[in-house]
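Read through the structure below, which is laid out as structure tokens, and then see the notes.
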2 protein chains.
Amino acid sequence: MDAATTLKNHDLRVTKIRLAILEALGDGHQAKPYGELQAALGEFDRTTLYRTLLALIEKGLIHKALEENGESYYALCGGCTTHAHTHDHIHFKCNDCGTVECLHLSNEIGFSLPGVDIDSLEITAKGTCSACSA
Amino acid sequence: MDAATTLKNHDLRVTKIRLAILEALGDGHQAKPYGELQAALGEFDRTTLYRTLLALIEKGLIHKALEENGESYYALCGGCTTHAHTHDHIHFKCNDCGTVECLHLSNEIGFSLPGVDIDSLEITAKGTCSACSA
DNA sequence: TTATTTCTGCAACATTGTTGCAATTTGTTA
DNA sequence: TAACAAATTGCAACAATGTTGCAGAAATAA
């Protein structure tokens with residue numbers, strides 16, 4: 001399915017910047033920092049970039065993977081639908097190359113906290129990726 | 001052990017703002033957002049607040065618990081030493097009252113990712129705290 | 001008390017993120 | 001295809017977080 005069809009399926013008009021963002025986010029299991037997106041999409045206004053990211057998040061096409069040093073990282077969604085993001089997955093950041101990967105957990109992480117009701121879970125692991133440790 | 005002694009033990013001079021920050025962070029199992037700290041410490045310069053937070057982090061007295069909406073949350077450290085923060089603990093944020101609690105995990109969370117070397121782990125759970133669900 | 005080192009406050013700046021509004025573009029209907 | 005309504009874009013202005021350099025003030029050590 002191409003990007004234009006994906007946009008239409010999510011109730012979004014097909015515009016240049018939306019196609020460009022989806023292309024910039026690539027195959028979807030890497031999260032990109034805002035700064036990198038802005039650099040890659042320099043032809044567009046910064047405001048439009050922010051608003052477009054919000055629109056794509058709202059419609060369930062992308063999600064904010066993590067925030068670090070005041071910068072947000074964005075990634076394509078796997079199976080999120082509008083108003084029902086399911087993000088009980090892990091984000092792994094390599095301290096060497098800086099790559100942030102979105103990984104799905106094969107086995108459920110089971111734990112509970114006494115007295116509290118957990119809605120969502122975000123796990124950020126940091127270390128060295130396979131490419132950098134080789 | 002009082003705050004002044006704690007500072008000395010961590011190789012830090014005893015100054016007004018440092019005592020005030022330690023007091024503002026209270027008993028240590030709640031993380032406070034930067035904005036709240038700034039409001040509570042309004043008598044001090046913003047720059048000094050930032051630099052003091054950095055100094056306290058570097059010496060292992062406090063840690064940055066999480067970042068959300070471009071704002072950092074800070075909390076006292078339990079058993080961190082200079083250059084060796086151990087933060088494999090959970091942060092729980094209540095969506096109702098906004099409180100962020102630092103909780104220690106009783107049981108180790110065991111999981112591994114193929115090919116990668118994990119150094120640190122941050123877990124942020126969101127939901128409803130016991131006070132708000134009552 | 002003095003001297004040295006560290007810390008504080010000020011000014012200036014960079015970056016992320018937001019809001020209002022006018023102009024443009026998209027998708028739809030005739 | 002032309003025109004219309006609705007959504008999107010770009011611009012300007014703004015707010016907040018966070019950083020850096022430097023001079024003056026405060027904290028420790030002698």
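So that the names make sense, note that chain A is the first sequence line, chain B the second, and so on, each numbered from 1. FYI, side chains are in, hydrogens and waters are out, and symmetry mates aren't considered; it's all heavy atoms of this structure.
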Base of D:dG18, side chain of B:Arg46 - is there a donor-acceptor contact under 3.5 Å? yes
Taking side-chain contact (heavy atoms from CB on, under 4.5 Å) as the criterion, tell me which of A:Leu61, A:Leu56, A:Thr5 meets it with A:His10. A:Leu61
Measure the distance from CD on B:Glu36 to P on D:dT17 and round it to the nearest whole Å. 12 Å
Residue met sooner reading DNA chain D from 5', once B:Arg13 and A:Leu49 are mapped to nucleotides: A:Leu49
On DNA chain C, more 5' by nearest nucleotide between B:Asp45 and A:Glu71 is B:Asp45
In terms of heavy-atom contacts, does CD of B:Gln38 have more than 12 from other residues, nucleotides or ligands at under 6.0 Å? yes
From NZ of B:Lys16 across to P of C:dT8 the rounded distance in Å is 10 Å
Using whole Å, what does the distance between atom P of nucleotide C:dT25 and atom CG of A:Leu7 come to? 19 Å
Grab the OH-C1' distance between A:Tyr34 and D:dT17 for me, whole Å please. 15 Å
By nearest-nucleotide position on DNA chain C, the 5'-leaning member of B:Asn69 and B:Thr52 is B:Thr52
Please determine, for the side chain of A:Thr47, which listed nucleotide (D:dT9, C:dT19, D:dT19) has the closest atom? C:dT19
Compare the minimum distances between each of C:dT8, D:dG18, C:dG20 and the side chain of B:Tyr50, then state the nucleotide with the smallest one. D:dG18
In whole angstrom, what separates A:Ile17's CD1 from C:dT26's C1'? 15 Å
N-O pairing of B:Glu101 and B:Lys93 below 4.0 Å: no
Strictly below 4.0 Å, N to O, side chains only: are B:Lys126 and B:Glu68 in salt-bridge contact? yes
Between NZ of B:Lys8 and P of D:dA29 the distance, given in whole Å, is 9 Å
Ignoring backbone atoms, establish whether A:Gln38 has a side-chain N or O less than 4.0 Å from OP1 or OP2 of C:dT16. yes
Hey, does the side chain of A:His91 reach the backbone of A:Ala65 with a donor-acceptor pair shorter than 3.5 angstrom? yes
Specify the separation, in whole Å, of atom CZ of B:Arg18 and atom C1' of C:dT8. 10 Å
Is it the case that the base of D:dG18 and the side chain of B:Arg51 share a donor-acceptor contact (distance under 3.5 Å, atom types as modelled)? no
What integer distance in Å separates A:Lys59:NZ from D:dT8:P? 8 Å
Using a heavy-atom cut-off of 4.0 Å across all strands, would you classify A:Thr15 as base, sugar-phosphate, or nothing? sugar-phosphate
